[in-house]
*Asks:* 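To start, I am sharing the structure in question, which I have written as structure tokens.
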Protein chains: 2
Amino acid sequence: MAEQEGITVKKENFSEWFSQVVQKANLADIRFGVQGFVVYPTWGFKIIRRIYEYLEEELEKDGHEPFWFPTIVKKSDLEKEKEHANFTPEVFWVTKAGDKNLDEEFALKPTGEAQIYPIYSLWIRSHQDLPFKAYQDRMFVYRNDKQTRPFLRGREFPFFESHDVFATHEEGLKQVKKDFEISTKVLYDKLKIPFVLFKRPQWDKFKGAVDTYTPDTVMPDGKRNQLASTHDLGQKFAKAYDIQFLDKNGEKQYVWQTCYGPGIIRIAAAIFGIHGDDNGLILPFDIAPLQIVIIPVLFSKKKTENDKVLKKCLDIKDKIEKLGYKVKVDDSDNNPGWKYHNWELHGVPLRLEIGPREVKAGKATLVERTERKKFEIKIKDLDKEIKKHAKSLDNEIKKKADDYFKNNTRVANSLKELKEMLKKHKGFVKIPFCSDDFDGEKCADKLKDETDGGNVCGVKAERPEKASGKCIMCGKKAKCIVYVAKSY
Amino acid sequence: MAEQEGITVKKENFSEWFSQVVQKANLADIRFGVQGFVVYPTWGFKIIRRIYEYLEEELEKDGHEPFWFPTIVKKSDLEKEKEHANFTPEVFWVTKAGDKNLDEEFALKPTGEAQIYPIYSLWIRSHQDLPFKAYQDRMFVYRNDKQTRPFLRGREFPFFESHDVFATHEEGLKQVKKDFEISTKVLYDKLKIPFVLFKRPQWDKFKGAVDTYTPDTVMPDGKRNQLASTHDLGQKFAKAYDIQFLDKNGEKQYVWQTCYGPGIIRIAAAIFGIHGDDNGLILPFDIAPLQIVIIPVLFSKKKTENDKVLKKCLDIKDKIEKLGYKVKVDDSDNNPGWKYHNWELHGVPLRLEIGPREVKAGKATLVERTERKKFEIKIKDLDKEIKKHAKSLDNEIKKKADDYFKNNTRVANSLKELKEMLKKHKGFVKIPFCSDDFDGEKCADKLKDETDGGNVCGVKAERPEKASGKCIMCGKKAKCIVYVAKSY
């Protein structure tokens with residue numbers, strides 16, 4: 001591939017920084033030639049795949065079984081969900097094969113409900129079939145978005161969806177809590193992305209849901225990034241697609257459903273955007289496609305001297321590989337400085353620099369990607385040192401992200417304060433608000449107008465804060481504390 | 001899901017047997033409602049996923065990197081490959097979004113070349129970028145086939161493709177051999193599918209290739225099943241898509257390419273068709289979604305007695321799980337006989353039956369799926385016994401498949417003999433043939449007419465047999481021994 005040059009802007013110029021990182025760290029290639037459809041080269045793909053693996057592990061531990069549905073959805077099935085979802089205006093239609101029109105057009109799926117639930121109505125028969133918990137992933141969905149941007153909005157984007165069916169609403173609500181735990185385990189524990197878990201306002205939930213819950217984070221440009229959604233679907237789709245079961249008394253009942261949809265590329269965008277720095281990506285140790293890069297420092301004029309260094313590097317690589325880490329020696333023709341730069345840009349967590357001096361002393365210079373601190377380590381302590389520095393790197397990433405996030409949540413008690421904060425700072429602002437039920441929508445619309453795009457994200461899903469005082473929009477008694485942020 | 005009834009026909013009635021196995025063992029659900037698009041429920045999907053995992057492991061060991069391209073292909077890119085591939089008549093076209101026509105229609109990809117190679121022409125610049133070995137998988141391709149059948153022909157089917165780029169033809173040819181090894185490791189060693197590795201006749205190769213190589217097996221109905229293909233692409237696509245590199249002397253050269261495409265669903269079809277028996281699926285131990293099923297035999301009238309048995313079953317399950325096997329206790333309301341039947345149908349390799357007598361004696365009855373032989377084993381020897389019986393089951397599957405395959409290759413020395421053999425027996429027939437170069441095509445066409453659909457599959461790719469005598473069609477001196485079989 002073409003030689004990389006570094007990022008030419010500071011991260012505070014976030015939009016341009018993000019575009020450059022996506023391109024220069026080989027996260028996505030936008031030259032595919034159809035708007036909103038991108039190629040994920042190896043580096044970007046491996047990060048996406050690791051996110052999938054984390055989710056698969058947690059979902060399967062929680063009793064979900066994988067399955068695979070087609071890329072398409074039947075026209076008549078899509079029409080049944082119109083009332084609840086209505087993706088119709090954004091749907092891509094397949095109308096021809098060769099040069100002949102199809103008898104029945106079909107659509108590229110905008111999401112799974114309309115294709116999965118008709119089959120659920122065939123599969124689910126009796127209370128013995130419940131609970132039924134399944135998921136599909138490592139595939140795309142399709143929506144004809146006007147604005148597209150790699151990892152933020154695509155017309156084709158990597159998808160993950162679980163669709164769970166229960167005999168009672170109570171079991172469904174338990175699954176909702178379980179989904180929260182999975183979000184925390186994957187997004188925060190593994191990927192170090194801090195978030196607030198919201199219950200979306202009624203006017204902004206998924207139409208087909210009783211309630212929608214979302215872990216949202218804030219990107220460095222101050223915009224909300226919705227990382228996933230859990231919908232308590234109640235019996236709405238059960239009735240639309242006729243999913244019923246015979247209960248223990250032999251009576252027919254509609255099922256209760258939930259679904260969980262982590263936003264794979266938006267999760268990736270949060271990793272890139274929140275952890276990265278002026279030099280490029282910073283990746284938690286476990287998710288990095290390459291965890292340790294070894295750079296031979298060959299400045300001797302004697303070939304034998306250089307060969308010795310190279311041999312040592314390869315020996316160390318073998319040792320590290322046996323310890324189970326992803327490692328490589330960069331023995332390309334580029335100079336060491338170029339290599340340092342390139343692998344920092346790609347976010348490789350640890351770098352080992354080895355020259356003749358190190359070979360003689362049985363040592364290596366280890367550099368952590370985060371603050372680029374250097375450490376002299378003994379080769380014989382390799383195992384211990386890698387563990388130690390991987391951990392300290394992860395801690396640093398986590399601490400930096402936590403601090404960033406904490407400092408990006410503010411409190412406003414008037415529209416004036418809110419406006420100032422949204423303008424001056426970046427992040428969430430908490431305000432007292434009249435209602436997160438349908439009757440709050442008017443105030444939310446007005447707020448959006450007045451703040452140039454501020455969105456009411458919702459109330460905290462767990463332990464919602466108690467409101468006091470008055471709604472900053474209408475002046476009525478505040479029923480809740482809602483969070484406001486701009487969004488993509 | 002609905003209760004299963006067993007297979008109602010013998011395997012010798014292969015076509016009906018196969019349809020029933022697909023449906024009743026939950027391999028695919030054909031009720032999706034669009035021809036050629038099926039749902040893969042958990043059981044079928046997990047088998048497909050395991051095949052993918054085997055291939056991923058081998059390809060990555062061989063230095064291939066994964067990436068991910070869109071589901072679609074640009075019209076203008078597809079047109080560039082017309083000369084070599086020409087999938088155009090079978091291509092599905094996306095022409096609309098919502099109710100508006102698209103400015104440029106795009107196609108669901110019939111295969112990867114036309115979408116991947118334009119990007120390769122951007123990525124590959126210098127000899128330092130070569131060799132470049134990459135693959136994508138766990139996705140679908142799309143062709144508007146008239147006839148469709150689950151696992152044999154679909155309009156949407158699970159795909160795997162590697163696309164390799166080299167500086168010299170010699171390196172490409174080495175990769176072709178490497179692909180042969182991968183086929184052997186996955187298809188034969190892991191999945192116990194015997195095959196012959198062919199070099200396809202020139203008139204039946206992939207048009208864009210210099211040569212096409214395929215591991216083909218024979219299904220129980222006597223039809224050839226092409227399990228994979230390796231194409232030596234030479235420089236044909238390099239020239240069509242302008243993929244060039246600067247060599248060490250600074251001169252521009254076209255690259256040399258190969259690609260490898262295991263046919264995921266046809267491999268699955270071979271596992272089902274070749275190993276299965278009158279009672280349903282038989283799966284090699286490692287590929288089974290569930291390896292060991294424990295059936296509690298609860299015939300006591302005393303609840304305490306039954307509880308003891310159930311508890312013992314769960315204890316044993318925990319033990320087996322810790323050993324790293326996929327295991328479950330079937331404690332559903334169905335009777336033991338029904339359960340035996342159901343899990344045999346699904347091909348679960350080992351069954352443990354545990355009743356009060358077994359609990360008392362610290363024993364269990366182990367049943368191997370293959371010949372349904374019963375063994376009394378001691379619970380304390382569980383680890384050793386599972387290993388032993390898993391191995392003996394795999395050996396039995398392999399032996400049966402090898403025998404079946406050996407007995408299905410015959411020799412004919414005249415058209416009359418060939419006709420009789422193809423009619424009476426099922427499998428490959430070897431014949432002396434004038435040529436596998438373009439000048440043999442006429443004889444091949446005539447052979448097909450005369451034998452009601454017999455196909456010349458090609459010559460053996462490695463150690464091709466020496467021909468003597470005359471071509472059974474034209475009477476000219478035979479240049480090669482070719483294999484003939486009917487195909488789907």
Side-chain angles (χ1 to χ4, degrees), chain A residues 1-3 29 31-34 37-42 44-46 48-49 65-72 74 76-77 88-99 102 104-106 108 115-116 118-119 122-125 128-129 132 134 136 138-140 142 144 155-156 158 332-333, chain B residues 1-3 29 31-34 37-42 44-46 48-49 65-72 74 76-77 88-99 102 104-106 108 115-116 118-119 122-125 128-129 132 134 136 138-140 142 144 155-156 158 332-333:
Chain A
M1 300 189 203
E3 306 248 318
D29 198 315
R31 295 171 293 178
F32 185 70
V34 182
F37 292 77
V38 302
V39 174
Y40 297 99
T42 296
F45 176 70
K46 280 187 166 173
I48 290 173
R49 184 168 74 172
E65 294 280 3
F67 58 36
W68 221 13
F69 272 70
T71 314
I72 62 154
K74 250 180 99 164
S76 54
D77 287 336
T88 323
E90 302 169 15
V91 157
F92 287 109
W93 290 100
V94 179
T95 63
K96 289 193 306 186
D99 52 8
L102 295 174
E104 194 192 338
E105 303 179 351
F106 49 81
L108 301 188
Q115 54 164 206
I116 293 172
I119 297 289
L122 301 171
W123 285 353
I124 288 158
R125 288 270 162 267
Q128 282 210 66
D129 299 326
F132 185 89
Q136 64 176 338
R138 306 207 194 193
M139 39 99 200
F140 299 109
Y142 308 82
N144 188 34
R155 291 185 173 173
E156 170 185 70
S332 66
D333 291 347
Chain B
M1 303 191 199
E3 307 247 320
D29 197 316
R31 294 172 292 178
F32 185 70
V34 182
F37 292 77
V38 302
V39 175
Y40 297 100
T42 296
F45 176 70
K46 280 186 166 173
I48 290 173
R49 185 167 74 173
E65 294 280 3
F67 57 35
W68 220 13
F69 272 70
T71 313
I72 63 155
K74 251 180 100 164
S76 54
D77 287 336
T88 325
E90 302 169 13
V91 157
F92 287 108
W93 290 100
V94 180
T95 63
K96 289 194 306 185
D99 51 10
L102 294 173
E104 194 191 342
E105 302 179 352
F106 49 81
L108 301 188
Q115 54 162 207
I116 292 171
I119 297 290
L122 301 171
W123 286 352
I124 288 156
R125 289 269 161 267
Q128 283 210 65
D129 300 325
F132 185 89
Q136 64 175 338
R138 307 207 193 194
M139 39 98 199
F140 299 109
Y142 308 83
N144 189 33
R155 293 186 172 173
E156 170 185 70
S332 68
D333 292 348

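Chain letters run A, B, ... following the sequence lines, proteins first, then strands; residues in each count from 1.
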*Asks:* Side chain, backbone, both or neither: which part of B:F106 has a non-hydrogen atom closer than 4.5 Å to chain A?
*Replies:* side chain
*Asks:* For B:R155, is it the side chain, the backbone, both, or neither that has a heavy atom closer than 4.5 Å to a heavy atom of chain A?
*Replies:* neither
*Asks:* Which value, rounded to the nearest 0.5 Å, describes the distance between B:T71 atom OG1 and A:F37 atom CZ?
*Replies:* 7.5 Å
*Asks:* With a 4.5 angstrom heavy-atom cut-off, which part of A:E65 approaches chain B: side chain, backbone, both or neither?
*Replies:* both
*Asks:* When rounded to the nearest 0.5 angstrom, what is the spacing between CH2 in B:W68 and OG1 in A:T42?
*Replies:* 13.5 Å
*Asks:* At a 4.5 Å cut-off on heavy atoms, which part of B:D29 comes close to chain A: side chain, backbone, both, or neither?
*Replies:* side chain
*Asks:* Could you tell me which portion of B:I72 (side chain, backbone, both or neither) has an atom closer than 4.5 angstrom to a non-hydrogen atom of chain A?
*Replies:* both
*Asks:* Which bit of A:F69 is near chain B, if near means a heavy-atom gap under 4.5 Å: side chain, backbone, both or neither?
*Replies:* both
*Asks:* Please flag which part of A:N144 lies under 4.5 Å from any non-hydrogen atom of chain B: side chain, backbone, both or neither.
*Replies:* side chain
*Asks:* B:F92 versus chain A, heavy atoms under 4.5 Å apart: side chain, backbone, both or neither?
*Replies:* both
*Asks:* Please classify the contact of A:F45 with chain B as side chain, backbone, both or neither, using a heavy-atom distance under 4.5 Å.
*Replies:* side chain
*Asks:* Counting only heavy atoms closer than 4.5 Å, note whether B:K46 contacts chain A via side chain, backbone, both or neither.
*Replies:* side chain
*Asks:* Step by step, work out the side chain to side chain contact (heavy atoms under 4.5 Å, CB included) result for B:Q136 and A:Y40.
*Replies:* CA-CA 10 Å; B:Q136 64 175 338; A:Y40 297 99; over 6 Å; no
*Asks:* Any idea which of B:P70, B:G33, B:S332, B:A97 has the most non-hydrogen atom pairs under 4.5 angstrom with chain A?
*Replies:* B:P70
*Asks:* Measuring heavy-atom distances to chain B, does A:Q115 have an atom under 4.5 Å in its side chain, in its backbone, in both, or in neither?
*Replies:* both
*Asks:* Given heavy-atom pairs under 4.5 angstrom as the criterion, report whether the side chain, backbone, both or neither of A:P66 touches chain B.
*Replies:* both
*Asks:* Could you pull out the closest heavy-atom pair between B:I119 and A:R31, with the gap in Å?
*Replies:* CD1-O, 3.8 Å
*Asks:* Could you have a look at A:T95, A:I48, A:D77 and say which one has the most heavy-atom pairs with chain B under 4.5 angstrom?
*Replies:* A:T95
